[in-house]
Amino acid sequence: RICGDDETIPRSRIVKFSDSAALVLSVAFVLFAGCRQEQSADTAPSSEIGPESPEVDAGADSPLEPRDTTAADADPAAAGSLPTRVTLTDPSLTLGIPGAGPLTTDQIRSWLATDGVHDILEVELPQGLAQAAQSITGLEENPLTRAKIELGRQLYFDPRLSADGTISCATCHDPDHGYAAETQFGVGIDNQTGTRNSPVAYNRILSGPQFWDGRAASLEEQAKGPIENPIEMGNTHDVAVETVANIEGYALQFDAIFGPDSVNIDNVAAAIASFERVIVTGPSPYDYYAALKPFLDLGADELDDLRVNDVELYERYEILRAAHEANPLSESAIRGLELFFSEKANCTACHAGANFTDEKYHNLGVGMDAEEPDQGRAAVTGEEKDIGAFKTPTVRNVELTAPYMHDGSQKTLEEVVEWYAKGGHPNPHLSEKMKKLDLSEQDKADLVAFMKGLSGPFPEVETARLPE
């Protein structure tokens, strides 16, 4: 079974082909019909291709991409009533209020009066991530609206939230650096540095607890922390709130979104979290390859039979093939894919699910040879088993987010693979999943190639336009 419901394959789709071809095409047909298997991130993938059966949207516009809601959305005034069902890569969510130059109060008033900006959105994840829809987190408590997302975008990029006006959320979670930072540790006010690498700020809609140690129970709680951290933004919540409230453009938006006199730290955090939840990774070469893979398993005669006997399905095959050719997964990456999902490399022991993370905490031995090792998750739970354990990061777009590990100690993906190959650093709390790996140099290169093949586009984001 591929789906969680009772949808079956019409027999007419099967009887024309050999048994092996029928099985593959049965899978393909269900996928093309829009049937989805949603797999928990806590469950290791069962497919040799990837963490779930490939998602292919069967909409009329294209079987490859989620429904396009962007054509009219770039300018709300031209769009009329804005759609409430959107895919999270839709740039109309993140390109800001239409216009150029400083964001004026007149533009903000016009935006807030636009039909649809206050409607609660029904969101879909893009191809690749869509299989993780059941893991979407936080929307019941903090529903998404276009107005709230836009307010959060402004606050995310606004350094006025910091004590001296120099540090914003984007300082350590910069879209130009994969929503992370190039530095080993986060750099805050007065060039102070922390002791951990900046975690990524994308695909957070699929994650509950935040930070390397999971100390923030939600994305909203996480958003509050850096503002008052003395070595990050160095501010207080009261002063940050006062600063925001005294900017007319912000006050207008808070009143319209949250109600009168609603500029407070909880609503600041709710807005920032809303923006962060719509920053997700788009389809990668791996995702296009995984969608095409059922057809690649067919022989030439079977494909020819398909061309003759099922024109619709064959046309979809050609579209999938063209998409893969435009976004190719290299032969090295394909070998790396097989390794990644094999017991030999055992990567999916932790990097499982559509977002390639189990959202759990593991001691990999990183930094455990220090005189006073970072306690990691144990500092939150107080449990000895959590000493030196840190949250598994996503492998999607990982090539953009160097350096790696919680302490930024590994500068390249090659170093990361070497660390796993040697089994980490021995210590009393080393994860039982960490074992020496029998990998050749070619194996290691192939794993790196596969991880790079997991890179997909981020949504286009306006970073500069903030309220005057």
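Quick caveat: nothing in here was measured; it's all calculated off a predicted structure.
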**Request:** Hey, can you tell me if Tyr179 and Tyr156 have their rings parallel, tilted or perpendicular (30° and 60° cut-offs)?
**Result:** tilted

**Message:** Parallel, tilted or perpendicular, judged at 30° and 60°: which one describes the rings of Phe157 and Phe275?
**Reply:** perpendicular

Who passes salt bridge (charged side-chain N to carboxylate O under 4.0 Å, His left out) against [X], sequence neighbours left out?
X: Asp304; result: Arg307
X: Asp386; result: none
X: Arg277; result: Glu220
X: Arg335; result: Asp446

Please identify each residue that fulfils side chain to side chain donor-acceptor pair (under 3.5 Å) with [X], with sequence neighbours left out.
X: Thr394; answer: Asn355
X: Glu248; answer: Arg109
X: Asp119; answer: none
X: Lys224; answer: Asp266

Are any side-chain N or O atoms of [X] and backbone N or O atoms of [Y], one a donor and one an acceptor, separated by less than 3.5 Å?
X: Asn267; Y: Val263; answer: no
X: Asn246; Y: Glu242; answer: yes
X: Ser162; Y: Thr166; answer: yes
X: Glu462; Y: Ala464; answer: yes
X: Arg377; Y: Ala389; answer: no
X: Gln210; Y: Gly208; answer: yes
X: His351; Y: Pro393; answer: yes
X: Asp174; Y: Ala181; answer: no
X: Glu338; Y: Phe341; answer: no
X: Ser284; Y: Gly456; answer: no

Of the non-hydrogen atoms in [X] and [Y], which two are nearest, and what is the gap between them?
X: Leu155; Y: Ala271; result: CD1-CB, 3.9 Å
X: Phe458; Y: Asn397; result: CZ-ND2, 3.2 Å
X: Gly249; Y: Thr105; result: N-CG2, 4.1 Å
X: Lys452; Y: Glu399; result: O-OE2, 3.4 Å
X: Glu232; Y: Pro226; result: OE1-CB, 3.3 Å
X: Ala354; Y: Gly128; result: CB-O, 3.6 Å

Side chains of [X] and [Y]: closer than 4.5 Å at any heavy-atom pair?
X: Leu103; Y: Ile108; result: yes
X: His173; Y: Tyr202; result: no
X: Glu150; Y: Thr145; result: no
X: Ser455; Y: Arg396; result: no
X: Leu206; Y: Thr137; result: no
X: Val278; Y: Thr89; result: no

**Message:** Do the side chains of Glu359 and Lys391 get close enough for a salt bridge, i.e. N-O under 4.0 angstrom?
**Reply:** yes

Does [X] have any ring pair (Phe, Tyr, Trp, His ring centres under 6.0 Å) partners at least two apart in sequence or in another chain, and if so, which?
X: Phe254; result: Phe258
X: His406; result: Phe390
X: Tyr361; result: none
X: His324; result: Tyr289

Can [X] and [Y] be counted as having a side-chain donor-acceptor contact under 3.5 angstrom?
X: Arg146; Y: Ser92; answer: yes
X: Gln154; Y: Gln253; answer: yes
X: Thr87; Y: Asp90; answer: no
X: Thr392; Y: Asp358; answer: yes
X: Gln222; Y: Arg204; answer: no
X: Glu460; Y: Thr94; answer: no

**Item:** Check against ring-ring contact (aromatic ring centres under 6.0 Å, His included), Phe340 and Tyr286
**Value:** CA-CA 12 Å; Phe340 194 93; Tyr286 159 75; 8.7 Å; no

**Prompt:** Should Tyr314 and Phe295 be marked as a side-chain contact (heavy atoms from CB on, under 4.5 Å) after you check the CA-CA gap, both sets of side-chain angles, and the distance that decides it?
**Reply:** CA-CA 9 Å; Tyr314 189 80; Phe295 293 97; over 6 Å; no

**Request:** Before giving the answer on side-chain contact (heavy atoms from CB on, under 4.5 Å), spell out for Thr401 and Tyr404 the whole-Å C-alpha distance, their side-chain angles and the decisive distance to 0.1 Å.
**Result:** CA-CA 7 Å; Thr401 65; Tyr404 304 107; 3.6 Å; yes

**Prompt:** On the ring face of Phe211, is Arg215 found with NZ or CZ under 6.0 Å from the centre and within 45° of the axis?
**Reply:** yes

**Request:** Show your working on side-chain contact (heavy atoms from CB on, under 4.5 Å) between Leu303 and Tyr317 and close with a plain yes or no.
**Result:** CA-CA 9 Å; Leu303 281 173; Tyr317 156 67; 3.8 Å; yes

**Prompt:** Would Thr171 and Val187 satisfy side-chain contact (heavy atoms from CB on, under 4.5 Å), going step by step from the backbone distance to the final call?
**Reply:** CA-CA 8 Å; Thr171 302; Val187 180; 5.9 Å; no

